[in-house]
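For reference, the structure is listed below as C-alpha cells.
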There are 2 protein chains.
Amino acid sequence: MSTRPEVSLAQRKRELVSNELTEAALQLLALKGFDGVTIDEIAAAAGVSKRTFFRYFASKEDVVVQFLAEMGAGIRTELAGRPAGEPPSVALRHSVSVSVAACAGHSDRALRVVQLILGTPALHARFLERQAHWRDELATELAHRLDLDRATDLYPQLAAGMALTAFDTVLQRWSGSDGAEDPAVLSDRAFAIIAPALDRAAQA
Amino acid sequence: MSTRPEVSLAQRKRELVSNELTEAALQLLALKGFDGVTIDEIAAAAGVSKRTFFRYFASKEDVVVQFLAEMGAGIRTELAGRPAGEPPSVALRHSVSVSVAACAGHSDRALRVVQLILGTPALHARFLERQAHWRDELATELAHRLDLDRATDLYPQLAAGMALTAFDTVLQRWSGSDGAEDPAVLSDRAFAIIAPALDRAAQA
DNA sequence: CGCGCCTTGACACCAAGTGCCATGCAGGGC
DNA sequence: GCCCTGCATGGCACTTGGTGTCAAGGCGCG
C-alpha cells in the first residue's frame with residue numbers, strides 16, 4: 001500500500017475517528033456555541049456513540065483545546081532548537097512567533113477556534129490551565145539552557161510566564177481584530193516590551 | 001440592637017447562609033479533596049438544600065475561588081491608591097504584596113485553600129480564568145494611571161500580565177514550601193526580576 | 001478454523017446544574 | 001388583627017457531562 005506500512009491499521013483507524021470527531025466538534029461548536037451543542041450531537045455527527053467520544057477526549061473542552069495543544073509542545077521544541085548563545089528574549093520571541101504563525105497561517109479556522117476559546121469562559125479556563133503546563137515545561141527548558149536551578153531561582157518560571165503573557169496578549173489582539181492585525185508584528189511589539197526583564201535579569 | 005440597623009435582616013441572613021456554606025465547603029473539600037465531596041454533602045453540612053447552594057454559588061468551583069476573589073479587587077484598589085508619580089514596578093509590587101500578605105496572614109486556612117486550588121486542575125483552571133479578569137482590570141487601571149490607550153498600546157496588558165505572573169509564581173512557591181517561605185520576600189525577588197520591563201517600557 | 005485482542009455500542013449510573021412550583025415567613029398597608 | 005406582596009427556601013423533575021460494565025464484532029495469528 002502507499003500508506004506507510006509501519007503504522008498499524010488499527011492506529012490509522014484511531015486517528016481517523018479522532019479527526020472525524022474534532023472536525024464535527026469544531027464545526028458544530030463554532031456554529032451553535034459551546035453550550036448549544038451536546039456531546040451526543042457531536043458523536044452522532046461523527047458517526048460514533050457518546051461513549052466512544054470519551055474514549056478519545058477527556059471532556060467536551062478537550063476537543064477544542066487539544067486542537068491547539070501542539071502549540072505548547074511546539075514552543076518548547078522550538079526553544080530547544082535555538083542556538084545556545086542567543087539571549088533569552090530573542091530565543092523566546094522566535095519560539096513564540098513561529099508557533100503562533102504556524103497556527104495563524106494554517107487556516108482561518110484557527111482564528112475561529114481561538115475566538116471560540118477566548119469567548120467561552122469554560123474553554124478559556126481550560127486553555128489557561130494548559131498554558132500553565134506549558135509554562136512549567138518552558139521554565140524547565142530555560143533553566144536547562146541557562147544552567148539555572150529552578151528550585152531556587154525565580155527567573156525561569158517568571159521568564160516563561162512573561163513569554164506566555166506576551167503570547168496571550170498577541171492571541172487576544174489577533175482574535176479581537178478578527179485576524180486583521182499581523183501576529184508576527186504583534187509578537188515583536190510585545191517582546192520588545194518584556195525583553196528588558198528577560199535579558200537583564202538572566203545574568204543577575 | 002447593636003448590629004447595624006441599616007442592613008436589613010434579610011441581607012444579614014443571606015450573608016450568614018453564605019458564610020455557613022463556604023465554611024462547610026472549605027472544611028470538607030480540604031479534608032476529602034475536590035472530587036471526593038458532593039454538593040449535596042456540602043449543602044447538608046450547612047443545613048440547606050442543594051438547590052439553595054446554587055442560589056449562592058454558580059458552581060462547585062465557585063465556593064473555593066470566590067474565597068480568594070477579594071484579592072483581585074484588592075490589588076486593583078491598592079494600585080489605584082498608590083501615588084501618581086510612583087514607577088509602575090513599585091506601585092504594582094506594593095499592590096500585589098499587600099494583597100498576598102493580607103491573604104497569607106489571615107490564617108493558615110488560606111494556605112490550605114491555595115494548595116487545594118493549585119492541586120486540583122478544575123479549580124486551578126477556574127482560578128486562572130478569574131485572574132484573567134483581574135489582568136483586564138489591572139490593565140485598565142494602569143492605562144489610566146499612565147495615560148495610555150489600551151486600544152493601541154500593548155504595555156498595560158503586558159504589565160498587568162507580568163505582575164500577575166509574579167503573583168502566580170509567589171503563590172506557587174509559597175504553597176509549595178507549605179508556607180515556609182515568606183511571601184513578602186518572594187514578591188520582592190519576583191518584582192526585582194520583572195521590574196526592568198515594567199519601568200523601561202513605560203516611557204517608550 | 002478457532003483463539004485472543006482491541007474497539008465499539010448499549011445500558012445503567014452518578015453528580016453537576018437548571019427550571020418550576022408550592023410553601024413559609026417577614027414586612028407593609030388597610 | 002388581617003390580608004397581600006415579596007422573597008428565600010425546598011422538593012422535584014429533567015438535561016447533560018462523564019464513568020463503569022458488559023456483551024458483541026472485526027481482525028490478526030497460529
Side-chain angles (χ1 to χ4, degrees), chain A residues 1 3-22 24-25 28-29 32-66 116 120-127 129, chain B residues 1 3-22 24-25 28-29 31-66 116 120-126 129:
Chain A
M1 282 308 206
T3 51
R4 354 191 118 203
E6 69 258 25
V7 179
S8 83
L9 180 131
Q11 262 176 333
R12 274 185 291 138
K13 240 169 88 178
R14 263 194 81 80
E15 213 158 309
L16 196 113
V17 175
S18 174
N19 287 341
E20 201 68 31
L21 237 15
T22 50
L28 285 174
L29 291 176
K32 311 206 287 178
F34 188 72
D35 295 321
V37 185
T38 70
I39 304 240
D40 287 279
E41 263 182 284
I42 297 173
V48 298
S49 72
K50 174 181 115 178
R51 196 62 188 82
T52 294
F53 175 94
F54 284 108
R55 288 199 180 94
Y56 285 84
F57 301 99
S59 69
K60 196 176 168 186
E61 291 93 3
D62 221 41
V63 205
V64 187
V65 171
Q66 211 166 77
L116 179 67
T120 308
L123 283 175
H124 195 197
R126 289 292 168 179
F127 180 60
E129 199 214 342
Chain B
M1 281 318 234
T3 52
R4 355 192 117 199
E6 68 259 23
V7 179
S8 84
L9 179 130
Q11 262 176 332
R12 273 183 293 139
K13 238 169 92 180
R14 263 195 80 80
E15 213 156 313
L16 195 112
V17 174
S18 174
N19 287 341
E20 202 68 32
L21 237 14
T22 51
L28 286 174
L29 292 177
L31 193 66
K32 311 208 287 177
F34 188 72
D35 295 322
V37 184
T38 69
I39 304 239
D40 287 278
E41 265 181 283
I42 298 173
V48 298
S49 71
K50 174 181 115 179
R51 196 63 189 81
T52 294
F53 175 94
F54 283 108
R55 288 198 178 93
Y56 284 84
F57 301 99
S59 70
K60 197 176 167 186
E61 292 94 1
D62 220 41
V63 205
V64 187
V65 171
Q66 211 165 80
L116 179 67
T120 308
L123 283 174
H124 195 198
R126 289 292 167 179
E129 199 214 341

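The chains referred to below are lettered A, B, ... by the order of the sequence lines, with proteins before strands, and numbering in each begins at 1.
- Using modelled atom types, no side-chain atom of B/S18 and backbone atom of B/R14 make a donor-acceptor pair closer than 3.5 Å.
- In this structure, A/R126 places its CZ atom 14 Å from P of D/dG17, rounding to the nearest Å.
- Pairs passing the salt bridge (charged side-chain N to carboxylate O under 4.0 Å, His left out) check and including a residue from residues 50-59 of chain A, sequence neighbours excluded, do not occur.
- A 4.5 Å side-chain heavy-atom check between B/R12 and B/E15 finds every atom pair outside the cut-off.
- At whole-Å resolution of the value, CG in B/L123 and P in C/dA16 are 12 Å apart.
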Show which side-chain atoms of residues 35-45 of chain A pair as donor or acceptor with protein atoms under 3.5 Å away, not counting sequence neighbours.
{"residue": "A/T38", "atom": "OG1", "partner": "A/E41", "partner atom": "N", "Å": "3.2"}
{"residue": "A/E41", "atom": "OE1", "partner": "A/T38", "partner atom": "N", "Å": "3.2"}
{"residue": "A/E41", "atom": "OE2", "partner": "A/K32", "partner atom": "NZ", "Å": "2.8"}

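- Between the B/T120 side chain and the B/L123 main chain, no donor and acceptor come within less than 3.5 Å of each other.
- Remark: B/V37, B/T38, B/I39 in residues 33-46 of chain B come within less than 4.0 Å of DNA chain C through at least one heavy atom.
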Please list, pair by pair, any protein nitrogen or oxygen found under 3.5 Å from a nitrogen or oxygen in nucleotides 6-9 of chain C.
{"residue": "C/dT8", "atom": "OP1", "partner": "A/Y56", "partner atom": "OH", "Å": "2.9"}
{"residue": "C/dT8", "atom": "OP2", "partner": "A/Y56", "partner atom": "OH", "Å": "3.4"}
{"residue": "C/dG9", "atom": "OP2", "partner": "A/S49", "partner atom": "N", "Å": "3.0"}
{"residue": "C/dG9", "atom": "OP2", "partner": "A/S49", "partner atom": "OG", "Å": "3.1"}
{"residue": "C/dG9", "atom": "OP2", "partner": "A/T52", "partner atom": "OG1", "Å": "2.4"}
{"residue": "C/dG9", "atom": "N7", "partner": "A/R55", "partner atom": "NH1", "Å": "3.4"}
{"residue": "C/dG9", "atom": "O6", "partner": "A/R55", "partner atom": "NH2", "Å": "2.7"}

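- A straight line from NZ of B/K60 to C1' of D/dG17 spans 13 Å, rounded to a whole angstrom.
- Of the possible polar contacts, one joining the A/S59 side chain to the A/D62 backbone as a donor-acceptor pair under 3.5 Å is found.
- For A/F53, the ring pair (Phe, Tyr, Trp, His ring centres under 6.0 Å) partners are A/F57, not counting sequence neighbours.
- Atom P of nucleotide D/dA8 and atom CZ of B/F57 are separated by 15 Å, given to the nearest angstrom.
- Looking at residues two or more places apart in sequence or on another chain, you find no side-chain hydrogen bond (donor to acceptor under 3.5 Å, both in side chains) involving B/T22.
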